[in-house]
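Report on the following structure.
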Protein chains: 2
Amino acid sequence: MPKLDASLIAGLPPFEGLEKDELEQVLAPARSLRFEREKPIFEQEAEAHFFFVLLDGHVRVVRTTPEGQQVIVRYISEGEVFGIATALGRTAYPATAIAAVDCVVLAWPSALWPELSTRFPALGANTYRTVGSRLQEAHTRVIEMSTEQVEQRVAHALLRLVRQTGRKTGEGIEIDFPITRQDIAEMTGATLHTVSRLMSAWEGEGIVKSGRKRVTISDPHRLMLKAESREQR
Amino acid sequence: MPKLDASLIAGLPPFEGLEKDELEQVLAPARSLRFEREKPIFEQEAEAHFFFVLLDGHVRVVRTTPEGQQVIVRYISEGEVFGIATALGRTAYPATAIAAVDCVVLAWPSALWPELSTRFPALGANTYRTVGSRLQEAHTRVIEMSTEQVEQRVAHALLRLVRQTGRKTGEGIEIDFPITRQDIAEMTGATLHTVSRLMSAWEGEGIVKSGRKRVTISDPHRLMLKAESREQR
DNA sequence: CACTCACTTTGCGCGAGCGCAAATTCTCTG
DNA sequence: CAGAGAATTTGCGCTCGCGCAAAGTGAGTG
């Protein structure tokens, strides 16, 4: 196995505040792995033997209910940690992670977490900061689901995706990975039909441009208006 | 200020795995505080100067949207940590905590968290385990909101409350603190009207018994059926 | 290059649950 | 113990968004 170079992870948020030699020590027990598009990286309920950092690509995190319903918990972007069940005292992954596109990840054995987080406190702090913002984001979603209409929820979801993974193009900002109406529906608690109708309407208004598994926001500002407007309960 | 005794916190989940003398060291910088019913313990957006453990009572954690909408994030029971923004790298509380009944809490200055969690790794591990289950619970709520009808959501919410804070009485299991239809509505994303209608119906079926700010589950099993049944999207 | 399958669009009807309103009941306060 | 206010119940109409159905449109594959 070729030795991984510190430059791979230098500058990534989880490793902020670590010196070069520390980066190397952190990297030493890590393995680099590739996953093809739509291949699972880990499965819900499986034992959490590894935790991960995404080097390249996008990962979809999905939770499935006992009744077989799927909900997209979040998308992971480059440079984020994921699968950190261990850091939260869990022995199994609470959700399934699937490569949304071809991905490159780093994987550490979960058993090393206690040692790594003690030896490199910044790593622990960075990770728990991420956990904090995910917790807050989850609560935000609960609130959106409680208080907003479908139109606003979809608008908010798109804006969030654009903020996290937007890529500028000639026609606006494009979501950087393949995403279907069904996916958006699973993120917002709507049906793909309703999402499709909304997107068509917005396309007509010139707010978005979308094709098969592709969404571009041409007028983010007007979309923000959609996200905020309308009376609430 | 009277010195606090280790027995106060011995056996509480956050302090599991600490020795008696360690408990005393942890307790040394803590202050004990009382809060009257309906008084805020901390406010959303305020700087997180303290983190807390609830010794007695029940605390309601509420998040308010910019538009003034309120959503109940969770209830805290005896022996739980809360207000741990600091441990997640946040400087402000993301929500407001209100004493649902008269409460006794322990408060530590946030600035001590790094030192305490390093000196007593078990404390850190216990806390992050709690964070992990809260994150998972938040996702569970997102999923419920996405996939369930109001009736099931209310049933699930009641069952969760009963599990966390149930107190056995002659007529069933009672939720141990005052809770209004409005509160239940804010937990489930419904209106108090719909909650009221549901509870009336269930009362007629002999599943619950409820009065002003009081809810008793007389037939948890039948309520579980309500929570699970019904076709889903 | 055609075929197939996945994804998307669109129409139509219906029902859960909200919005609004008003009446009722319980609890606390003075 | 009476009055006031908070909490709860209940009715009614309406709308949003789902359920179901079917047709249309790409994009990848043999």
Side-chain angles (χ1 to χ4, degrees), chain A residues 36-38 60 69-72 100-102 144-155 157-158 175 177-205 208-216 226 229-233, chain B residues 36-38 60 69-72 100-102 144-155 157-158 175 177-205 208-216 226 229-233:
Chain A
E36 280 174 35
R37 188 164 172 278
E38 295 302 316
R60 187 170 69 235
Q69 307 261 89
Q70 288 206 343
V71 173
I72 296 183
V101 294
D102 291 352
E144 286 181 6
M145 302 283 297
S146 305
T147 64
E148 295 179 355
Q149 307 279 85
V150 169
E151 179 174 39
Q152 302 167 65
R153 299 207 302 266
V154 174
L158 290 183
I175 294 173
F177 50 85
I179 185 166
T180 65
R181 305 286 180 274
Q182 175 70 42
D183 290 334
I184 299 174
E186 286 181 15
M187 299 181 68
T188 54
T191 58
L192 79 163
H193 307 275
T194 302
V195 172
S196 177
R197 274 181 255 269
L198 282 172
M199 305 267 298
S200 297
W202 290 342
E203 185 128 22
E205 299 179 46
V208 307
K209 248 183 138 22
S210 75
R212 213 181 168 73
K213 295 196 176 188
R214 240 197 55 248
V215 178
T216 304
K226 297 278 180 196
S229 76
R230 279 303 147 81
E231 76 283 14
Q232 57 273 352
R233 284 184 212 156
Chain B
E36 281 176 34
R37 190 164 169 279
E38 295 302 315
R60 187 170 69 236
Q69 306 262 89
Q70 288 207 341
V71 173
I72 296 183
V101 295
D102 290 352
E144 286 182 6
M145 303 282 297
S146 306
T147 62
E148 296 179 355
Q149 307 278 86
V150 169
E151 179 175 40
Q152 301 167 67
R153 299 208 302 268
V154 174
L158 290 182
I175 293 173
F177 50 84
I179 186 167
T180 66
R181 304 287 181 273
Q182 175 70 43
D183 290 334
I184 298 174
E186 285 181 15
M187 299 180 69
T188 53
T191 58
L192 79 163
H193 307 274
T194 303
V195 171
S196 177
R197 274 181 254 269
L198 280 173
M199 304 268 297
S200 297
W202 290 342
E203 183 128 22
E205 298 179 46
V208 306
K209 248 180 137 23
S210 75
R212 212 182 169 72
K213 295 195 177 189
R214 240 196 56 247
V215 177
T216 304
K226 296 277 180 196
S229 77
R230 279 301 148 84
E231 75 283 16
Q232 58 272 351
R233 283 183 214 153

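Quick note on labels: first sequence line is chain A, next is B, and so on, each numbered from 1.
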*Quick one: the side chain of B:His193 and the base of D:dT8, do they pair up donor-acceptor inside 3.5 Å?*
no
*Proximal nucleotide (of D:dT8, D:dG17, C:dG17) relative to the B:Lys213 side chain*: D:dT8
*Could you encode protein contacts along nucleotides 24-30 of chain C as a string, one character per nucleotide from 5' to 3', using B for base contact, S for sugar-phosphate-only contact and - for no contact, with a heavy-atom cut-off of under 4.0 Å?*
-BBS---
*Charged N-O contact under 4.0 Å between B:Glu38 and B:Arg60*: yes
*Between A:Arg181 and C:dT8, is there a side-chain N or O to OP1/OP2 distance below 4.0 Å?*
yes
*What is the distance, rounded to the nearest whole Å, between atom CZ of B:Arg197 and atom P of D:dT8?*
14 Å
*Residue pair A:Met199, A:Leu158: steps toward the side chain to side chain contact (heavy atoms under 4.5 Å, CB included) verdict*: CA-CA 11 Å; A:Met199 305 267 298; A:Leu158 290 183; 3.9 Å; yes
*Given that B:Thr194 and A:Arg214 both sit by DNA chain C, which one's nearest nucleotide is further toward the 5' end?*
A:Arg214
*Within the structure shown, what part of the strands sits under 4.0 Å from B:Ser200 by heavy-atom distance: base, sugar-phosphate, or nothing?*
sugar-phosphate
*Looking only at side-chain atoms of B:Thr180, point me to the closest of C:dG17, D:dC18, D:dA7.*
D:dA7
*To the nearest Å, how far apart are B:Gln182 CD and C:dG19 C1'?*
14 Å
*Using the C1' atoms of five pairs at each end, what's the angle between the two axes of the helix from C:dC1-D:dG30 to C:dG30-D:dC1, to 10 degrees?*
40°
